[in-house]
Amino acid sequence: GQQVQQSPASLVLQEGENAELQCNFSTSLNSMQWFYQRPGGSLVSLFYNPSGTKHSGRLTSTTVIKERRSSLHISSSQTTDSGTYLCALDPNTGYQNFYFGKGTSLTVIP
Amino acid sequence: GPKVLQIPSHQIIDMGQMVTLNCDPVSNHLYFYWYKQILGQQMEFLVNFYNGKVMEKSKLFKDQFSVERPDGSYFTLKIQPTALEDSAVYFCASSSGQGPYGQFFGPGTRLTVL
């Protein structure tokens, strides 16, 4: 079955609005890694977050293991934030193989 | 920051031919991975490689697939023979095996099998 459920599948925001992206997982977790996938396909790592909250500029990642969820918050969105956001579950197997969510396609309009 | 390189960026081949995808991982990393992403679909794990051996592979890692890293050079994914359903973007990743940085991904090789 699907190890990682990512929501929403797509999101359209007005520039300046905030976005909340969610990943729910059904298996044991070592960590969750969040990526931004550029339109050309390359991945940019945003956070590697095993638990708790991490901040980077306008981005915040929160992983709550007990609730089996991890979120990515984007504040004051900009048009350059448009793209696909992926979460990847690092299960507790020791080899760090990732199970990816299907992604959230974010469009920020001016 | 550290980068993973992939060569070539795009490869077009005829069905049945052999193809080798090359990955230059981050220099001090010990774990290497291949992932497959069909256009518009989810990224899926293929295989990981550590200490010269395949440690885990998914059901997508068919018998026609093989990986190696001879003498610390490129980490390669070979497909022989290729099939139409192998058309996808293949991403290489590497990691030190310990947090807090997770995996570093290459830019992908877009493989088109005709």
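Letters go in sequence order (proteins before strands), and every chain restarts at 1.
- Using a 4.5 Å cut-off between heavy atoms, B/Glu44 makes no contact with chain A at all.
- In this model, no donor atom of one side chain and acceptor atom of the other lie less than 3.5 Å apart for B/Tyr90 and B/Gln11.
- Contact annotation for A/Gln6: neither backbone nor side-chain heavy atoms come within less than 4.5 Å of a heavy atom of chain B.
- Using a 3.5 Å distance cut-off with no hydrogens or angles, the side chains of A/Thr53 and A/Thr62 do pair a donor with an acceptor.
- For A/Phe47, no part lies under 4.5 angstrom from a heavy atom of chain B.
- Here the side chain of A/Gln3 pairs no donor or acceptor atom with the backbone of A/Leu89 at under 3.5 angstrom.
- Within the 3.5 Å criterion, the main-chain N or O of A/Glu17 finds a donor-acceptor partner in the side chain of A/Ser77.
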